Amino acid sequence: MSTPFASRCVRNDSEPPPLAGAAPGSATPRLCHSFPPVCSADARVLVLGSMPGAASIAAAQYYAHPRNAFWQIMGALFGASPALPYEQRLQRLAVAGVALWDVIACGEREGSLDSAIRPDSIEANDFARLFSDCPRIGHVFFNGAAAETIFRRHVSPRMALPELRFTRLPSTSPAHAARSFDAKLAAWQAVKSATCDGAGPRPSSARVPAAIAASA
């Protein structure tokens, strides 16, 4: 299910592991690494976050913070409830045609907030390979504005993207509490709809994405 992508970032093994034992408000930025993508060759939808938070890194799981609404929403949409073991949740998403990844391969950050990521430290993930390995992905959903912004700055200008649709969704992070769970769930219904939109490979032509639709 998970594609074995090699990290594009070099970890200094003489230093402590990223965020190991670090308090969320630590004054010292630590180099954080993202996880491999969770995807299958027939995935039709890609959900992108920015970079795993401290709780996710500690658990080695996507969206592990107990107050992050992501798995509640996935439970409502695809039966991938947080009550299920993590691997079963991932399997439910794979069966539904949903892939997960983050825009950032590695970057320096204090704590877990996207606003604490040092822009000059960002290294983007290898999207050219992902879209080549998963040719049926036709719609990319950004989990919040930060993921979209980072993708536009660090991915779009540096590669010819395939024919894709892009939508920004309200962040599931507990730091974005302005919207209720019901409002977020209503916006995220678009992901379920997109999994039903055609199962064929993308057209071979490439383009730079136009304006990204926003549900945030």
Side-chain angles (χ1 to χ4, degrees), residues 1-8 32-66 68-107 112 114 124-148 150-151 154-155 164-174 176 184-185 187-197 215:
M1 189 190 317
S2 298
T3 304
F5 279 41
S7 173
R8 304 179 73 181
C32 305
H33 294 252
S34 70
F35 306 136
V38 176
C39 57
S40 59
D42 60 352
R44 298 181 295 282
V45 166
L46 173 63
V47 175
L48 286 177
S50 53
M51 186 166 68
S56 293
I57 292 174
Q61 297 182 1
Y62 280 95
Y63 303 106
H65 194 290
N68 192 302
F70 179 80
W71 289 113
Q72 279 185 278
I73 291 173
M74 292 302 102
L77 298 181
F78 304 111
S81 163
L84 293 176
Y86 180 66
E87 290 299 326
Q88 289 186 29
R89 284 179 260 157
L90 298 184
Q91 183 62 37
R92 294 282 178 96
L93 294 190
V95 169
V98 178
L100 300 181
W101 210 11
D102 288 303
V103 180
I104 299 174
C106 63
S112 291
D114 289 330
N125 270 315
D126 187 354
F127 285 93
R129 178 180 169 186
L130 181 76
F131 292 135
S132 174
D133 287 355
C134 304
R136 296 181 184 275
I137 290 177
H139 204 140
V140 176
F141 290 92
F142 298 106
N143 188 348
E148 176 198 348
I150 296 166
F151 188 92
H154 295 272
V155 179
L164 295 165
R165 295 183 63 190
F166 295 85
T167 302
R168 182 179 73 243
L169 295 172
S171 173
T172 60
S173 168
H176 297 270
K184 290 182 179 183
L185 176 59
W188 278 76
Q189 291 283 348
V191 178
K192 186 170 185 177
S193 298
T195 62
C196 303
D197 290 346
S215 296

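Keep in mind that what you see is a predicted model, and the values were worked out from it rather than measured.
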Which residues share a side chain to side chain contact (heavy atoms under 4.5 Å, CB included) with [X], sequence neighbours left out:
X: Ala76; result: Leu185
X: Ala80; result: Trp71, Met74, Arg89, Arg92, Leu93
X: Ala58; result: none

With sequence neighbours excluded, residues passing side chain to side chain donor-acceptor pair (under 3.5 Å) with Asp102:
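Residues passing side chain to side chain donor-acceptor pair (under 3.5 Å) with Asp102: none at all.
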Rounded to the nearest 0.5 Å, how far does [atom2] of [Y] lie from [atom1] of [X]?
X: Leu46; Y: Phe141; atom1: CG; atom2: CZ; result: 10.0 Å
X: Asn68; Y: Ser173; atom1: CG; atom2: OG; result: 6.0 Å
X: Ser40; Y: Asp133; atom1: OG; atom2: CG; result: 11.5 Å

Which atom names give the shortest non-hydrogen contact between [X] and [Y], and what distance separates them?
X: Ile73; Y: Lys184; value: CD1-CB, 4.2 Å
X: His176; Y: Ser171; value: CD2-OG, 3.3 Å
X: Val155; Y: Ala124; value: CG2-CB, 3.8 Å
X: Tyr63; Y: Leu48; value: OH-C, 4.4 Å
X: Leu84; Y: Gly79; value: CD1-O, 3.3 Å

Q | Listed once per pair and sorted, the ring-ring contact (aromatic ring centres under 6.0 Å, His included) pairs that draw on residues 75-95, sequence neighbours left out | A |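 Residue pairs with at least one partner in residues 75-95: there are none.
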Does any N or O in the side chain of [X] come within less than 3.5 Å of the main-chain N or O of [Y], such that one atom is a donor and the other an acceptor?
X: Ser34; Y: Ile104; value: yes
X: Arg44; Y: Thr195; value: yes
X: Ser56; Y: Gln61; value: yes
X: Trp188; Y: Pro170; value: yes
X: Trp101; Y: Gly49; value: no

Show your reasoning for whether side-chain contact (heavy atoms from CB on, under 4.5 Å) applies to Leu100 and Phe35.
CA-CA 10 Å; Leu100 300 181; Phe35 306 136; over 6 Å; no
Tell me, with the steps shown, if Ile150 and Phe142 meet side-chain contact (heavy atoms from CB on, under 4.5 Å). CA-CA 10 Å; Ile150 296 166; Phe142 298 106; over 6 Å; no
Would you check if the distance from the ring center of Phe151 to the ring center of Phe127 is below 6.0 Å?
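Yes, the ring of Phe151 comes within the 6.0 Å limit of the ring of Phe127, centre to centre.
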(Q) Checking His154 now: which residues fulfil ring pair (Phe, Tyr, Trp, His ring centres under 6.0 Å) with it, not counting sequence neighbours? (A)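 In terms of ring pair (Phe, Tyr, Trp, His ring centres under 6.0 Å), with neighbours along the sequence ignored, His154 is linked to no residue.
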Flag the pair Val191 / Leu169 as yes when at least one side-chain heavy-atom distance between them is below 4.5 Å, and no otherwise.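 The answer is yes; the side chains approach within 4.5 Å.
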